[in-house]
Amino acid sequence: QVQLVESGGGLVQAGGSLRLSCAASGRTFSYAMGWFRQAPGKEREFVTSILWSASNTDYADSVKGRFTISRDNAKNTVYLQMNSLKPEDTAVYYCAATRNYGRRAEDEYAYWGQGTQVTVSS
């Protein structure tokens with residue numbers, strides 16, 4: 001079992017930055033971690049993922065160059081640094097864990113956090 005708790009969401013102006021954290025507990029060894037988001041009225045979508053070793057990352061085109069995923073395995077924490085935020089980044093952001101790095105589909109991810117709200121004002 002893996003438990004995930006996100007934090008760091010909030011309200012920010014367009015062009016600003018936020019850093020989300022995802023604290024993991026339980027049997028987290030070897031899991032790849034991902035971030036997804038769900039905007040109002042839209043389906044949840046893949047944002048980014050990182051391999052257990054942090055040697056590989058994957059980004060959705062919409063966030064490439066603006067968002068950076070990282071992880072600190074000693075702290076069992078994954079981070080999402082979000083820069084140059086846009087109003088269209090407004091969503092609930094979810095952290096998730098998978099044994100299948102490189103997959104973007106939700107059903108590849110076995111464990112999910114409760115989500116944290118990010119709101120970007122124009």
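Basis for what follows: all heavy atoms, side chains included, without hydrogens, waters or symmetry-related copies.
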Q: Kindly compute the distance separating OH (Tyr93) from CH2 (Trp35), expressed to the nearest 0.5 Å.
A: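 CH2 of Trp35 is found 10.0 Å from OH of Tyr93.
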Q: Considering residues, nucleotides and ligands other than Glu43, do more than 12 of their heavy atoms fall under 6.0 Å from its CD?
A: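 No, CD of Glu43 has 12 or fewer neighbouring heavy atoms, counting only those of other groups under 6.0 Å.
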Q: For the residue pair Ser17 / Asn83, report whether a side-chain donor-acceptor contact shorter than 3.5 Å exists.
A: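 Short answer, yes.
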Q: Checking side-chain hydrogen bond (donor to acceptor under 3.5 Å, both in side chains) for the pair Gln3/Ser25: CA distance, chi angles, key distance, verdict?
A: CA-CA 5 Å; Gln3 295 80 41; Ser25 59; 3.1 Å; yes
Q: Do you know which two heavy atoms are closest between Lys42 and Gln38, and how far apart they sit?
A: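 That closest heavy-atom pairing would be O-NE2, 3.1 Å.
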Q: Would you sort out whether Ile50 and Asn56 count as a side-chain contact (heavy atoms from CB on, under 4.5 Å), showing the intermediate values?
A: CA-CA 6 Å; Ile50 187 167; Asn56 288 82; over 6 Å; no
Q: Can you see which heavy atom on Glu6 is nearest to which on Gly115, and at what distance?
A: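 So the minimum-distance heavy-atom pair works out to OE1-N, 2.9 Å.
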Q: How long is the span from the CE atom in Met33 to the OH atom in Tyr111, to the nearest 0.5 Å?
A: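 Met33 atom CE to Tyr111 atom OH measures 11.5 Å (nearest 0.5 Å).
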Q: Whether the side chain of Asn76 engages the backbone of Thr28 through a donor-acceptor N/O pair (distance < 3.5 Å, no angle test) should be reported.
A: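 Pair absent, no side-chain N/O of Asn76 close to backbone of Thr28.
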Q: Do Lys64 and Asp61 meet the salt-bridge criterion of a basic N to acidic O distance under 4.0 Å?
A: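 Result for this pair is yes, salt bridge flagged.
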Q: Are there over 12 heavy-atom neighbours, none belonging to Arg99, within less than 6.0 Å of that residue's CZ?
A: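 More than 12 heavy atoms, drawn from other residues, nucleotides or ligands, come within 6.0 Å of this atom.
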Q: Mark yes or no: Arg71 above the aromatic ring of Tyr79, with NZ or CZ under 6.0 Å from the six-membered ring centre and no more than 45 degrees from the axis.
A: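 Not flagged: Arg71 not positioned over aromatic ring of Tyr79.
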Q: List the atom of Leu20, the atom of Met82, and the distance in Å for their closest heavy-atom pair.
A: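 Minimum heavy-atom separation between Leu20 and Met82: CG-CE, 3.8 Å.
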Q: Donor-acceptor check, side chain of Ser84 to backbone of Arg66, threshold 3.5 angstrom: yes or no?
A: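 Not at all, since once roles are kept as given, no pair shorter than 3.5 Å links the two residues.
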Q: Are Tyr101 and Tyr109 linked, directly or through intermediate hydrophobic residues, by side-chain heavy-atom contacts shorter than 4.5 Å (ILVMFWY only)?
A: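 Each belongs to a different hydrophobic cluster.
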Q: Look up atom CD1 in Ile69 and atom SG in Cys95, then write down how far apart they are to the nearest 0.5 Å.
A: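 Result: 7.5 Å between the selected atoms.
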Q: Do Val118 and Leu18 come close enough that some side-chain heavy atom pair is under 4.5 Å?
A: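 Val118 vs Leu18: side chains touch.
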Q: Evaluate the side-chain proximity of Val92 to Thr116: yes if any heavy-atom separation is below 4.5 Å, no if none is.
A: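 They are not in contact (no side-chain heavy atoms under 4.5 Å apart), so the answer is no.
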Q: Would you give the length of the straight line joining atom OG of Ser62 to atom CD of Glu45, rounded to the nearest 0.5 angstrom?
A: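 Output value for this atom pair is 5.5 Å.
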Q: For Arg37 versus Val63, what's the shortest heavy-atom pair and its separation?
A: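 Arg37 and Val63 have their closest heavy atoms at NH1-CG1, 4.0 Å.
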Q: Taking all heavy atoms of Thr90 and all of Val120, pick out the closest pair and write down the distance.
A: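 Scanning both residues completely, I find the closest heavy atoms to be OG1-N, 2.9 Å.
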Q: Does the ring of Trp112 carry Arg44 above it, NZ/CZ under 6.0 angstrom from centre and within 45° of its axis?
A: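 Verdict for Trp112: a cation-pi partner in Arg44.
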Q: Are the side chain of Ser53 and the backbone N or O of Leu51 linked by a donor-acceptor pair below 3.5 Å?
A: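 Checked: no pair found.
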Q: What pair of heavy atoms forms the shortest contact from Ala14 to Ser122, and how long is it?
A: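 Scanning both residues, the minimum pair turns out to be CB-CA, 4.3 Å.
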Q: Find out if a path of hydrophobic residues (ILVMFWY) with successive side-chain heavy-atom gaps under 4.5 Å connects Val2 to Tyr94.
A: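 Result: no, two separate clusters.
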Q: Show your reasoning for whether side-chain contact (heavy atoms from CB on, under 4.5 Å) applies to Val12 and Thr119.
A: CA-CA 6 Å; Val12 63; Thr119 302; over 6 Å; no
Q: Going through the checks in order, is the side-chain contact (heavy atoms from CB on, under 4.5 Å) test met by Phe67 and Leu80?
A: CA-CA 7 Å; Phe67 290 12; Leu80 181 63; 4.1 Å; yes
Q: Tell me, please, which residues at least two apart from Arg103 pass salt bridge (Lys or Arg N to Asp or Glu O under 4.0 Å).
A: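 Arg103 satisfies salt bridge (Lys or Arg N to Asp or Glu O under 4.0 Å) with Glu108 only.
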Q: Any idea how Phe46 and Phe36 line up, ring-wise: parallel (<30°), tilted (30 to 60°), or perpendicular (>60°)?
A: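 Phe46 vs Phe36 ring planes: perpendicular.
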Q: Kindly indicate whether the side chain of Ser49, heavy atoms from C-beta on, has any atom under 4.5 Å from the side chain of Tyr59.
A: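 Of all side-chain heavy-atom pairs linking Tyr59 with Ser49, none is under 4.5 Å.
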